[in-house]
Amino acid sequence: MNKVVSHAAEAIHDIRDGATIMLGGFGLCGIPENCITALVSKGVKNLTCISNNAGVDDFGIGLMLQQKQVRKMISSYVGENAEFERQLLSGELEVELIPQGTLATRCLAAGYGMPAVFTPAGVGTEVAIGKETRNFNGKDYLMEMAFDADYAIVKAWKGDTEGNLVYRETARNFNPLMAMAGKITIAEVEELVPAGELDPDHIHTPGIYVHRIFQGKDYEKRIEQRTVRKA
Amino acid sequence: MNKVVSHAAEAIHDIRDGATIMLGGFGLCGIPENCITALVSKGVKNLTCISNNAGVDDFGIGLMLQQKQVRKMISSYVGENAEFERQLLSGELEVELIPQGTLATRCLAAGYGMPAVFTPAGVGTEVAIGKETRNFNGKDYLMEMAFDADYAIVKAWKGDTEGNLVYRETARNFNPLMAMAGKITIAEVEELVPAGELDPDHIHTPGIYVHRIFQGKDYEKRIEQRTVRKA
Amino acid sequence: MALTKEQIAQRIARELRDGYYVNLGIGIPTLVANYIPKGINVVLQSENGLLGMGPFPFEGNEDPDLINAGKQTITTVPGSAFFDSALSFGMIRAGKVDLTVLGAMEVSEEGDIANWKIPGKMVKGMGGAMDLVASARNIIVAMVHSNPKGESKLLPKCTLPLTGLRCVKKIVSDLAVLDVTDQGFRLLERAPGVSVDEIRQKTAGKLIIEGEIPEMVF
Amino acid sequence: MALTKEQIAQRIARELRDGYYVNLGIGIPTLVANYIPKGINVVLQSENGLLGMGPFPFEGNEDPDLINAGKQTITTVPGSAFFDSALSFGMIRAGKVDLTVLGAMEVSEEGDIANWKIPGKMVKGMGGAMDLVASARNIIVAMVHSNPKGESKLLPKCTLPLTGLRCVKKIVSDLAVLDVTDQGFRLLERAPGVSVDEIRQKTAGKLIIEGEIPEMVF
């Protein structure tokens, strides 16, 4: 069985209107740029997107928002996007805000086959509304459910033909978690190598979680907040 | 603050009679040989040991059993040890058998600050007795509690002075999970290197989980089942 | 003629599909790896923390850090990955392993399995068996049809302490291949020279026999 | 004189102890890194997946794969480690991070905190704030004592939507250092030249003043 596809369009060919998609990345760091471009070209609509952020106006998930492809955004922070705000206020876009650690842990739960997890995040806040609260050892926790996403689309630094993935620095973020959580997981990598070239001790995402993989191209890797110090 | 200690005896100096200790390893693979020897020398007694296995008669945790240092063993499989069997039948030793994945996941839960997790392992069996069973999406799960151990003692391949750990091959097994789960975590490594020598992308256990670290010596790394094929 | 252990393994290997991730238990299931059909690529998972398990090492190449769930020295194939025990059982629990093959002492007509404990004997523990049977999407049991006393091990209800409930999907015994269905054991194939009558006689649980039952060919 | 932002950060930095793992929020908390006392070694955690955060890079050395939780380009120090977001919040939830410093719009005398949402304004999301306040063992809030209208932000009850319940342990404002106790805000120190009376006047929540209140020295 061959997991390798030739490009993003092939990798996402069967994503239909109304699908639930996880997209890796934190801010613009480690986002699946090629697949986002392909989703925009394909014009698939009415998507539910699970991603920590929603990109900026002209990059990342922002490109999909411009084309009004997203019906619902499930994120922890969506602040950097004027078009997002416009659609939200006009009612075109629905947003569900989730604490960042809860978002990560609900991915983890899916990848580990755990139907629900307990976290104290959001206890006593509006996040707790409608959720079961449970006390363990004197502390309250919310029961949060594992995500159930049709697709996970992630970006790794290197990958091999078996689907094993290695991430670089903080571009790791949500990518390995979402890779585990998708019913179908698509990985785009900066460098695709033959099986056996990656050190098996250094794999971040074992290939069993990855269904399709391809070597991406033309990565822009835009920096959101360029901060430097004086030499 | 210096996490580096000079040898096993120093690393375990404050472990007292009656402590609950996690010990990494699967079979005899990846076990903290130096610390086990030091625990035997120290003669600390009445221990509760959480470890997937109980060693063999003359190696691993078996050495502690010989000295009758263990009051209770929490494991998934304890089959390779005649002295273990003798103590169990005579009532000197208590044993709690836990499914292997449940053992691993209860360590994970502790390391992730999750008080409890759900797993289908053991539903409908004697493992379920006294435990809450809960149905999610038509499937039954047991609620299993995070471990609460005084110490975790793990063995890694390499470590640095910040406590970051890297494991080798299947010697990883329970080690990173227990490293996360101990209130005090002690790591013995085959090679201790200065901070900065390990690739930060390759760390399996971030140093925040490790309180004491030392370079072990004289590793025997005994093989339990030597299987080979003909050339 | 009842199947040999090797033939049981060989028959189970025919259930493999290209791209499968497979967990093979200790004993007969391990032998399945020797009969993977040509043109089919499967990846073996070892629940102590490895995907891409290879054969035993050549003498002198044993690595104490590289063992399988049976604690045997092994090798890896290209494209393998190591991970910790929680992720290992996590991927099993999440249904990412396509097929699990394991042995059993008893299987009930509802698919319950008992394979870890015999009352009165020293209990060694369930290891990963309870996790595997409760989590795996597709479980094939490799077993002999009767115990040494001639008593059936395919029962209406298990008599031994259970390992898992309603989880076995298929059985390959020394006498037959059977699916576990809502109605009971459905006979699919019989060992060469073994009659349907013999299988009926040696199956204590409810047995469904419909139409002609083909003989396995080796 | 009310403290400057830099002085608030400087005062908070005195709470650091050798060996601490510290998470610094966006804004004033970030400045704390500039005032780590000599001889004290702390490791900075960035919740997007890094232990061992270093200063901003020199111009030309920015790495788009290396950012902090504020999405700023950063560097690492020797001994750093990268990990995914679940492990990052896992170590926070497990109490492994010794100190979390963050900003607040309001804090109640019971230690409730509000810092993520203002009704009527565009809601950007809580990011990791709810996880941090609910999980961290030790939380210091860096804030100004009053809003621009002169209204106290240290209240009997928060008026804004909560981020977390009973979690703030200490406040360093532009006017004072206060512990959050079972009885209310306990005044520990006052800014140079700021009177106890002024602090009393600008603290709407219950304020405990016992004995002489020392002035901070910079």
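Lettering follows sequence order; numbering is per chain, from 1.
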Which answer fits Leu28(B), side chain, backbone, both or neither, if we ask what part of it has an atom under 4.5 Å from a heavy atom of chain C? neither
Among Ser76(B), Ala128(B), Ala121(B), who wins on heavy-atom pairs under 4.5 Å with chain C? Ser76(B)
Interface check, chain C: of Cys107(B), Pro99(B), Ala104(B), Ala171(B), most non-hydrogen pairs under 4.5 Å belong to Pro99(B)
Taking side chain as C-beta onward, heavy atoms only, is Lys71(C) less than 4.5 Å from Cys29(B)? no
d(Glu126(B) CD, Met130(C) CE) to nearest 0.5 Å is 6.0 Å
What do you reckon, is NZ of Lys131(B) surrounded by more than 12 foreign heavy atoms closer than 6.0 Å? yes
Residues, nucleotides or ligands: over 12 heavy atoms within 6.0 Å of Lys221(B) NZ: yes
Name the region of Tyr141(B), side chain, backbone, both or neither, that has any atom closer than 4.5 Å to a heavy atom of chain C. neither
Is any side-chain heavy atom of Asp63(C) closer than 4.5 Å to a side-chain heavy atom of Arg168(B)? yes
Run the side-chain contact (heavy atoms from CB on, under 4.5 Å) check on Trp116(C) and Leu97(B) step by step: do they pass? CA-CA 11 Å; Trp116(C) 79 284; Leu97(B) 293 169; 4.1 Å; yes
Chain B heavy atoms under 4.5 Å from Phe56(C): which part of the residue, side chain, backbone, both or neither? both
Between the side chain of Thr125(B) and the main-chain N/O of Thr163(C), is any donor-acceptor distance below 3.5 Å? no
State whether the side chain of Arg226(B) and the backbone N or O of Glu62(C) hold a donor-acceptor pair below 3.5 Å, judged by distance alone. no
Sort Asn68(C) into side chain, backbone, both or neither according to what part of it lies under 4.5 angstrom from a heavy atom of chain B. backbone
Which bit of Asp140(B) comes within less than 4.5 Å of chain C, counting heavy atoms only: side chain, backbone, both or neither? neither
Met122(C) versus Phe84(B): any side-chain heavy-atom pair under 4.5 Å? yes
First locate atom CZ of Phe26(B), then atom OG of Ser88(C), and finally report the distance between them rounded to the nearest 0.5 Å. 9.5 Å
Okay, Lys139(B) and chain C: the region with an atom under 4.5 Å from a heavy atom over there is side chain
Short question: side chain of Asp84(C), backbone of Arg172(B) - any donor-acceptor pair under 3.5 Å? no
How about CG on Asn135(B), more than 12 heavy atoms from neighbouring residues, nucleotides or ligands closer than 6.0 Å, or not? yes
With chain C as the partner, which of Asn53(B), Asn52(B), Asn81(B) has the greatest number of non-hydrogen pairs under 4.5 Å? Asn53(B)
For each of Ser135(C), Ser80(C), Gly70(C), Pro55(C), tally heavy-atom pairs with chain B at distances under 4.5 Å, and name the one with the top tally. Pro55(C)
Does Thr170(B) reach the main-chain N or O of Ile67(C) with its side chain, forming a donor-acceptor pair under 3.5 Å? yes
Name the option with the most non-hydrogen atom pairs under 4.5 Å to chain B; the candidates are Gly127(C), Gly164(C), Pro161(C). Gly127(C)
Cut-off 4.5 Å, heavy atoms of chain B, and the answer for Pro57(C) is both
Checking heavy atoms, do the side chain of Val133(C), its backbone, both or neither come under 4.5 Å from chain B? neither
If I take atom CD from residue Gln100(B) and atom CE from residue Met126(C), how far apart are they, to the nearest 0.5 angstrom? 10.5 Å
Between CD1 of Ile98(B) and CG of Asp131(C), what distance do you get to the nearest 0.5 Å? 10.5 Å
Residue among Ala54(B), Pro120(B), Gly122(B) with most heavy-atom pairs under 4.5 Å to chain C: Pro120(B)
Is Gln225(B) reaching over with its side chain to a backbone N or O of Gln72(C), donor-acceptor style, under 3.5 angstrom? no
Are the side chain of Thr105(B) and the backbone N or O of Ala86(C) linked by a donor-acceptor pair below 3.5 Å? no
I'd like to verify something: which residue of Lys124(C), Arg166(C), Lys117(C) has the highest number of heavy-atom pairs under 4.5 Å with chain B? Lys124(C)
For atom CD of Glu59(C), is the number of surrounding heavy atoms from other residues, nucleotides or ligands below 6.0 Å larger than 12? no
Return the option, out of Leu165(C), Ile74(C), Thr76(C), Asp65(C), with the maximum number of heavy-atom pairs under 4.5 Å with chain B. Asp65(C)
